[in-house]
Engineer: 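The structure's right below; bear with me while I get my questions together.
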Amino acid sequence: MTKQNKQFLKKIFTSVIVTLVSIITSVIVLLFFSDSENIFYDKLFRNFRHFSFDEDPIIIAIDQNTLNEFSHIVWPWPREIYKPVMDYLGHCGADVVAFDILFTTPGVDRINSGGAMSDSLFAASLANYGRTSLAMQFEDSSLTKTDQLLDGFLEINKNIPREIYHEYRKASLPIEIFQRNTRLLGAVNIPSTSSGIIRKLPLLFQYQGKLIPHLSLSSFMLKHQIDSLKFNIKTNSIIAGNLEIPVDKKGYFHINWYGEGGVNHSFRYYSFANILKSAIAWETGGKPIVPEEVLKGKTVFIGAIASGLLDMKSTPVSSSEPYPGVEIYTTMLKNFEQQDFLKQFPLFFWFLILIAFFAIKSAVWQSEKFLPAILLSVVLLVLPPLFSIILFRSYSILFPVVAFESGLVLDLVLSISIQYLWAGQKNRKLRKNFSRYLEPRLVKLVADSQGTFETEGNEVVATVLFTDIKGFTTISSTLNSKKVVKMLNHYFEEGEKIIFANNGMLDKYTGDGLMALFGVPVPDQQHAVSACKAIMDFNSQQEMEIDDGRFEQITTRIGVHTGPLVAGNIGSSRRVDFTAIGSTVNIAARLEQVNKAFNTTNVISADTCDLVNNKFLCRDLDYYMIRGISEPLHIYTVLCEKEKITPEIEIIMEMHDKALVAYREKAFEKAIILFQNIMEKFSNDSISEYFINKCKEKMS
């Protein structure tokens, strides 16, 4: 077998192994990490759900406005308060009324009404209306009493599998008088989940030998006069009349959400207070606030949305605000009415698409064309989410994207790693051939680019910093050459730490100083600020070891300028260095030398000062003629970070600004006096000394 054939078989074998590992990963994620898919589906509901506002069903909300209106009545309210509302809904022709309120205890006697009488008035209105569903709640707590369910509710159909309905031994039921006068009961249980987010709910429950539907399902049954339920084993669906409602293997219905919950979103809300006022107006011959026609033929849910009544839930569409519990049931009813059911993409076809994607990817990666392979992999990564969004928006189909993407990402990582290892083998051979002739950095550049590399730089705006040790000649004159080298190595070691700590690039060493760049090669919007932080760090260096056990005071003089420069790999075909060139670099170097005139530790240009004056206090040094520049350059010296200003610095700045104004107005005698005042208060102020000498020169 030829070497070429062996390499080909090696690639095929490697590709098959990578593909199998990636496919297995996708399947594992699909089977055992369903929460990750749910998180993606939540994003679909929040960002890509297309729906139209619907007038039916509607919600009569016990909102904060209602609580404010009836603040004089203790919650829970006397039941007679619901009677006029029920009468008005009946008069308007509302189709069905479902209460998401638990009436599990008899009414209590109050000052103006007896509890039993209040309950009987509400019960009479329920009987009168005839199409109501009252909420009940199943309990697991041993402390909950076992309420008795009256006869007359649904019998369990024998064709409904046991695992589809959920059996409970304890429940909180409406009191007997309400059970006798309502048409159906509806469960409002919301099982807890690990994430706390409601995505699905059970539809059927068994209690004391009777079948209790969920409140949403009982409302649907009332609306369509359905007296019994069946089950289709083939489609795993609950049959209610002519409707088949799909559920999972445990009887849970997956809710198809329509958007954010609450007023002015997916459903029409009416305040309970306004409905009650409308009922009273109707009874007394007045004009109702809520017209009769808006309630006619509607399915009405009555429930609490005021935060104090604790009926707010977390759902996929309530990332920012809680979702009213009553609207969950309203949403489910709308799902039933419009047959707007979520559908899972067939896993068989999902698996076929997964294999097809990997096959296409493997074929391209075998070509060893790295860039096209990367681009194709990116396209393959983008397609599943796009496909999922289209399926969801158009057909309410959920495509398992996270599992799909997990395999693709792993495949991409493994493929790139393997290609990198194979390319590394070739590069090592190339480096071995060239290492005896070229420096390592250039060898790496040649090996990585296979001999083709760019020597042209790019123009950017950045900050350049130059340093120099004050009095270095005097210090080094007392030492032999080895100790000078040792001293500089120590200084450069500390200088390098400062530059790197402030996101700078150490460009080169310049005798006893260094040149650093900020903002290149890695872009940094705060490059000027970073350079000034480096100034502060250099100023904090007080001593340097210049001999074994001998330390001496040192001062680093720094020049900084910000402006356009050309930075990049600059050099010849045999030697390249990343550096910067241009007038910005030259000016920074000249500014470092200006420190000698003012006896300062740093001089920065106005271009740099403009970018840092919100963080650093800079002292104005006026305009200065820089060698090689035709016009005077406005310069400053950085004193400190603004958060570290001391009273002494504030006094100097105030006195300096007044003196500088006199200097610029050519009132030199006055300026001398003002600068001398600074010298008297702060005898070591070299800047004032400089301006005094300049004033005397101009006066002579």
Side-chain angles (χ1 to χ4, degrees), residues 54-62 79-103 119-136 149-155 173-188 203-204 210-229 238 240-243 245 267-268 270 272 275-276 278-279 282-283 288 290-303 326-327 329-338:
D54 202 347
E55 295 283 353
D56 187 27
I58 65 173
I59 297 172
I60 295 178
I62 299 175
R79 277 56 184 274
E80 65 193 75
I81 204 170
Y82 300 103
K83 180 184 184 305
V85 171
M86 288 297 301
D87 293 343
Y88 186 60
L89 291 174
H91 166 74
C92 295
D95 206 357
V96 173
V97 177
F99 278 87
D100 180 27
I101 300 172
L102 294 173
F103 300 109
D119 288 346
S120 64
L121 290 173
F122 180 43
S125 66
L126 292 175
N128 246 0
Y129 189 82
R131 298 180 307 282
T132 58
S133 180
L134 295 185
M136 61 169 292
L149 181 66
L150 301 183
D151 292 334
F153 294 102
L154 296 177
E155 298 291 339
L173 299 174
I175 60 176
E176 182 178 331
I177 190 173
F178 296 157
Q179 285 192 52
R180 292 189 185 283
N181 289 282
T182 191
R183 179 67 184 83
L184 279 177
L185 297 182
V188 291
L203 290 185
L204 298 178
K210 299 293 182 180
L211 192 65
I212 305 295
H214 188 274
L215 184 64
S216 58
L217 182 54
S218 68
S219 303
F220 180 83
M221 294 172 68
L222 285 176
K223 186 176 181 69
H224 297 279
Q225 301 179 15
I226 299 169
D227 295 323
S228 63
L229 298 171
I238 296 170
N242 295 323
L243 177 68
I245 304 172
F267 297 96
R268 179 72 70 188
Y270 295 96
F272 186 91
I275 297 293
L276 182 56
S278 299
W282 163 66
E283 289 178 349
V290 180
E292 299 174 11
E293 57 268 19
V294 303
L295 300 170
K296 185 176 182 179
K298 302 296 193 303
T299 300
V300 177
F301 282 83
I302 300 177
V326 65
E327 191 169 335
Y329 317 138
T330 313
T331 299
M332 294 170 69
L333 177 60
K334 185 176 178 181
N335 288 170
F336 303 156
E337 292 287 351
Q338 298 189 353

Engineer: Counting C-beta onward and ignoring hydrogens, is there a side-chain heavy-atom pair between I59 and E327 closer than 4.5 Å?
Structural biologist: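 I59 reaches E327 side chain to side chain.
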Engineer: Measuring only between side-chain heavy atoms, which start at C-beta, is F103 closer than 4.5 Å to I175?
Structural biologist: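 No, their side chains stay 4.5 Å or more apart.
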Engineer: Side chains of D100 and I302, heavy atoms from C-beta outward: is any pair under 4.5 Å?
Structural biologist: no
Engineer: Got M86 and F99 here, is their nearest side-chain heavy-atom distance under 4.5 Å?
Structural biologist: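 In short, these two side chains touch, coming nearer than 4.5 Å.
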Engineer: Go through it in stages, so that I can follow the logic: the residues are Q179 and L149, the test is side chain to side chain contact (heavy atoms under 4.5 Å, CB included), and I'd like the CA-CA distance, side-chain angles, deciding distance and then a yes or no.
Structural biologist: CA-CA 8 Å; Q179 285 192 52; L149 181 66; 3.7 Å; yes
Engineer: Where do L204 and H214 land on the side chain to side chain contact (heavy atoms under 4.5 Å, CB included) test, with the steps shown first?
Structural biologist: CA-CA 6 Å; L204 298 178; H214 188 274; over 6 Å; no
Engineer: Is M221 close to L184 at the side-chain level, that is, under 4.5 Å between some pair of heavy atoms?
Structural biologist: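 Yes - at least one pair of side-chain heavy atoms lies under 4.5 Å apart.
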Engineer: Who pairs with A94 by side chain to side chain contact (heavy atoms under 4.5 Å, CB included), at least two apart in sequence or on another chain?
Structural biologist: L89, Y129, V300
Engineer: Using side chain to side chain contact (heavy atoms under 4.5 Å, CB included), reason through L150 and R180 one step at a time and then give a plain yes or no.
Structural biologist: CA-CA 8 Å; L150 301 183; R180 292 189 185 283; 3.4 Å; yes
Engineer: Does E292 have any side chain to side chain contact (heavy atoms under 4.5 Å, CB included) partners at least two apart in sequence or in another chain, and if so, which?
Structural biologist: Y88, H91, C92, W282
Engineer: Let's go through M136 and I212 carefully: what are the C-alpha distance in whole Å and the side-chain angles of both, what is the deciding distance for side chain to side chain contact (heavy atoms under 4.5 Å, CB included) to 0.1 Å, and is it a yes or a no?
Structural biologist: CA-CA 9 Å; M136 61 169 292; I212 305 295; 3.5 Å; yes
Engineer: Check whether any side-chain heavy atom of V294 sits under 4.5 Å from a side-chain heavy atom of Y270, and report yes or no.
Structural biologist: yes
Engineer: Applying side chain to side chain contact (heavy atoms under 4.5 Å, CB included), can you list everything that pairs with K83, at least two apart in sequence or on another chain?
Structural biologist: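 Side chain to side chain contact (heavy atoms under 4.5 Å, CB included) check on K83 returns D87, L121, S125.
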Engineer: Do the charged groups of D56 and K223 touch, with an N to O distance under 4.0 Å?
Structural biologist: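 Yes, this pair counts.
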Engineer: Decide ring-ring contact (aromatic ring centres under 6.0 Å, His included) for F220 and Y329; before the verdict, give the C-alpha distance in whole Å, the side-chain angles of both, and the deciding distance to 0.1 Å.
Structural biologist: CA-CA 11 Å; F220 180 83; Y329 317 138; over 10 Å; no
Engineer: Could you grab the distance from atom CZ of R131 to atom CG of D95, nearest 0.5 Å is fine?
Structural biologist: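 Result: 6.0 Å between the selected atoms.
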Engineer: Which residue is it: S216, S218, S219? I am looking for the one with a side-chain hydrogen bond (donor to acceptor under 3.5 Å, both in side chains) to S133.
Structural biologist: S218
Engineer: Report yes if some heavy atom in the side chain of S120 is under 4.5 Å from a heavy atom in the side chain of I177; otherwise report no.
Structural biologist: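 Yes, side chains in contact.
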Engineer: Would you confirm whether the ring centroid of F178 sits within less than 6.0 angstrom of the ring centroid of F122?
Structural biologist: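 That pair passes the under 6.0 Å test.
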Engineer: Hey, what do you get for OG1 (T132) to CG (L222), rounding to the nearest 0.5 Å?
Structural biologist: 7.0 Å
Engineer: Not counting sequence neighbours, which residues clear side-chain hydrogen bond (donor to acceptor under 3.5 Å, both in side chains) with N242? List them please.
Structural biologist: none
Engineer: Do I238 and F336 have side-chain heavy atoms sitting under 4.5 Å apart?
Structural biologist: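 When only atoms from C-beta onward are counted, F336 and I238 do not touch, as no gap falls below 4.5 Å.
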Engineer: Please identify each residue that fulfils salt bridge (charged side-chain N to carboxylate O under 4.0 Å, His left out) with E283, with sequence neighbours left out.
Structural biologist: none
Engineer: For residues L217 and A240, report the shortest heavy-atom separation together with the two atoms involved.
Structural biologist: CD1-CB, 4.4 Å
Engineer: Partners of E293 by side chain to side chain contact (heavy atoms under 4.5 Å, CB included), sequence neighbours excluded?
Structural biologist: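 In terms of side chain to side chain contact (heavy atoms under 4.5 Å, CB included), with neighbours along the sequence ignored, E293 is linked to P291.
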